[in-house]
Participant: 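Dropping a structure here in structure tokens format, bear with me for questions.
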Protein chains: 2
Amino acid sequence: MAPRKAPTVYDVASSAGVSIATVSRVLRSPAKVSESTRDRVQRAIDALGYVPNASARGLAGRRTGVLGLLLPGPADPLAAHADHAAGSEVGVIDDTDGSYADPDRNRYFEQLVRGCEISAWSAGYALLIASGQHLARTVVLHDLEGRVDGLVVFAGSVPDDLIARSARRLPLAVVAGRAEGAPDSVRVDDSGGMEALTRHVLAAKPPGPVLYLAGPADSADARDREQGFHAAIADARAAGRDVERHLVPTDGTAEAALAETRRILRETRPAAVIAADDPSALAALAALEEAGISVPDQCVVAGFGGVEEARLSRPTLTTVRQPMTDVGIHAVRTLQRRLADADADPVDLRLPVDLLLRQSCGPA
Amino acid sequence: MAPRKAPTVYDVASSAGVSIATVSRVLRSPAKVSESTRDRVQRAIDALGYVPNASARGLAGRRTGVLGLLLPGPADPLAAHADHAAGSEVGVIDDTDGSYADPDRNRYFEQLVRGCEISAWSAGYALLIASGQHLARTVVLHDLEGRVDGLVVFAGSVPDDLIARSARRLPLAVVAGRAEGAPDSVRVDDSGGMEALTRHVLAAKPPGPVLYLAGPADSADARDREQGFHAAIADARAAGRDVERHLVPTDGTAEAALAETRRILRETRPAAVIAADDPSALAALAALEEAGISVPDQCVVAGFGGVEEARLSRPTLTTVRQPMTDVGIHAVRTLQRRLADADADPVDLRLPVDLLLRQSCGPA
DNA sequence: CTGAAAGCGCTAACAT
DNA sequence: ATGTTAGCGCTTTCAG
């Protein structure tokens, strides 16, 4: 069953006794064709099983109808999800018992892909995905450029100068970060999320110092979160509260977090541990358990990210959920916007996050 | 900064003082061009930032260089993963403590996407993904047909007759199931996996009957798994062992599994519960705990699927991990195969699964 | 080794 | 309302 040659507009046209222009019209602007011929053409299309050739369309119409998504090395998500209004309020979901059944939590990339996919198809675009790792990143980006009308690029998946070069050629939105030279970006509100989280922790913790596991200093996310942390602390102090804090830079790995927490526990007895990421928070949880310090009674703990383990740990971990599906949705919208108006103002969206209250910070 | 018109082969040609044919040659078959002109052309390409237009290429070369992946309503995965040889041995991984740190476990679709993506790009194809839900499925499939050289379709994401129609036009591989009319398919070895799992359970369980939560009868996967279960039981009996079994059909939901298990526990005291899916197994675990039956001492439990929760439950759940990344990889390979030879023999790959031994079935 | 030229299938003026 | 026609940018014989 060798795939036979696909029928073209010419086949449809002659079969329906019209010109190819008319065939094209019934496909693109049916209103311009009389109902009778429209029906005749449509019948021919169905009979022949005609499917328009996207390459020819793309060439003639100088648009591909495809948007690209470039991710770093691994993953991508795509699960059922309600849109998240692009306001600035921090949503609060009580998930003390870890039963908050958002089916696609944590699946960071999967959610992002899903969001882009939903948004792209509903805008009439197909979605091409690629991760800049298998092949030289530059090759992939380059290849993508010739295939799409716009590009969503995950921050850091490819060097900034390459992003800048591509951004000069086509609409490009950076997600989960920024890139010099790319006008548009969509990310979550890291600092606002951490500030809200810290505020919550400060309200829940017993008396004593706050330990902050900061993550790598070369990560923009980590820096933003830390800034939110400091803001909340400053606020509390301004309100007359005396808060002692210990800043602990780590490389962002759970191992480092574990080692650092253990070390600290030998010197101090923290009343709260806040980590810039969930794995580190979970590591801290483990270190505290080792030390016989009970969570949340003697020390509260909180993370950032919303990974699945945070929901299933014991105690379950209070954390911040990142609306990646929305990031994807908005990134594509940004693309459409710029596709419609190349000179639109640059946008740097910061989507609000959700605080997930769980056992590690005590009763909600 | 309005995106300016992209340079074409003509621009490169005139800039390098050659014909467009030569430009095309340095891109497609560099060997046919003398080194000096090749360098000259390459310099022009770099200087102009020329990127070939995929639509024009697709039209002229009558191949798009794109493969499509059609998924059902939701999700898609994509995580780091080692290739899985397509043999027929059931891999066994001891994961009693739930620390088996495969980063992409459970992420069913994500892994599939990832596999397709890896495989497609390494074969020189881009990957277009779509899920047949937002828009009418038929529209998506149709649209996809005009854009790609081959299609991977998740079983059930679109009606079989549509799949058959598309399969007549282009190489199409069905994954995670079969579809009438599509010659090629790639899925996991459900029956072999369940057979191995059951064998393991039979060896580990205390004396007493085996409960099998079968899942929905209209699911081909569920039927295959049940067949594997029966095969293992028959084997044990043939070996002279006396095994009592209780078959319990469910609708595949955890709720049904919970209710059924509770009901059964009022009448019988099983020594083992095997479920055709992880959520059901976890539900059974809960029902057993309620009834004060200790797992694995008094009753062992096993699931199928390898979801994340199975790793994090207490006790951790023995289950079968499905190599979805490999399914994706092989699906794309199948496509390539048929792209190369439209009359190749049909293939129905059954990829081997891994048994994850955990606490719910006692010490490994 | 290189150039000329004929499409690939479709869209979008421009005619009629 | 419908037909004619000129490309869109690239690949690929076919000559030279």
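In the text below, chain A, chain B and the rest are named by the order of the sequence lines, each starting its count at 1.
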Participant: Please determine which of A:D184, A:L170, A:D345 meets the side chain to side chain contact (heavy atoms under 4.5 Å, CB included) test together with A:R338.
Facilitator: A:D184
Participant: Think B:R28 has a side-chain N or O under 4.0 angstrom from the OP1 or OP2 of D:dT11?
Facilitator: yes
Participant: Touch check for A:L27, heavy atoms < 4.0 angstrom, all strands: base, sugar-phosphate only, or nothing?
Facilitator: nothing
Participant: Could you go through the side chain to side chain contact (heavy atoms under 4.5 Å, CB included) check for A:V140 and A:D143 one step at a time?
Facilitator: CA-CA 5 Å; A:V140 179; A:D143 188 292; 5.6 Å; no
Participant: How many whole angstroms separate atom CZ of B:R62 from atom P of D:dT11?
Facilitator: 12 Å
Participant: Record whether the side chain of A:Y10 comes under 3.5 Å of the base of C:dC10 through a donor-acceptor pair of N or O atoms.
Facilitator: yes
Participant: Just N and O in the side chain of A:T22: are any of them under 4.0 Å from OP1 or OP2 of D:dT2?
Facilitator: no
Participant: Distance check: side-chain N/O of B:S34 vs OP1/OP2 of C:dT2, anything under 4.0 Å?
Facilitator: yes
Participant: Between B:E35 (CD) and C:dT2 (C1'), how many Å, whole number?
Facilitator: 17 Å
Participant: Measuring to OP1 and OP2 of C:dT11, would you say a side-chain N or O of A:R25 lies under 4.0 angstrom away?
Facilitator: no
Participant: Starting from the 5' end of DNA chain D, give me the residue, A:T37 or A:I20, whose nearest nucleotide shows up first.
Facilitator: A:T37
Participant: How close or far is atom P of C:dC10 from atom CD1 of A:I45, stated in whole angstroms?
Facilitator: 10 Å
Participant: Would you mind reading off the distance between B:D39 atom CG and C:dC1 atom P, rounded to a whole angstrom?
Facilitator: 14 Å
Participant: Looking at B:S55, does any N or O in its side chain come under 4.0 Å of the phosphate oxygens OP1/OP2 on D:dG9?
Facilitator: no
Participant: Shortest non-hydrogen contact from B:A331 to B:A173?
Facilitator: O-CB, 4.0 Å
Participant: Report the distance from atom CZ of B:R63 to atom C1' of D:dT12, rounded to the nearest whole Å.
Facilitator: 15 Å
Participant: Of B:R38 and B:A60, whose closest DNA chain C nucleotide lies nearer the 5' terminus?
Facilitator: B:R38
Participant: Classify the side-chain pair A:T325/A:R114 by whether it contains a donor and acceptor separated by less than 3.5 Å.
Facilitator: no
Participant: May I ask you to evaluate whether B:T8 reaches the phosphate of D:dG9, defined as a side-chain N or O under 4.0 Å from OP1 or OP2?
Facilitator: no
Participant: Which residue in the set A:D39, A:V26, A:L27, A:V23 passes side chain to side chain contact (heavy atoms under 4.5 Å, CB included) when paired with A:V33?
Facilitator: A:V26
Participant: Just the rounded figure in Å: distance from P of C:dG7 to CG of B:L59.
Facilitator: 13 Å
Participant: Which is true for B:V18 with a 4.0 Å heavy-atom rule: it touches a base, it touches only sugar-phosphate, or it touches nothing?
Facilitator: sugar-phosphate
Participant: Looking at A:R57, I'd like to know whether one of its side-chain N or O atoms comes within less than 4.0 Å of OP1 or OP2 on C:dT11.
Facilitator: yes
Participant: Separation of B:K32 atom NZ from D:dT12 atom P, in whole Å?
Facilitator: 8 Å
Participant: Quick one: is C:dC10 close enough that its OP1 or OP2 comes under 4.0 Å of any side-chain N or O from A:Y50?
Facilitator: yes
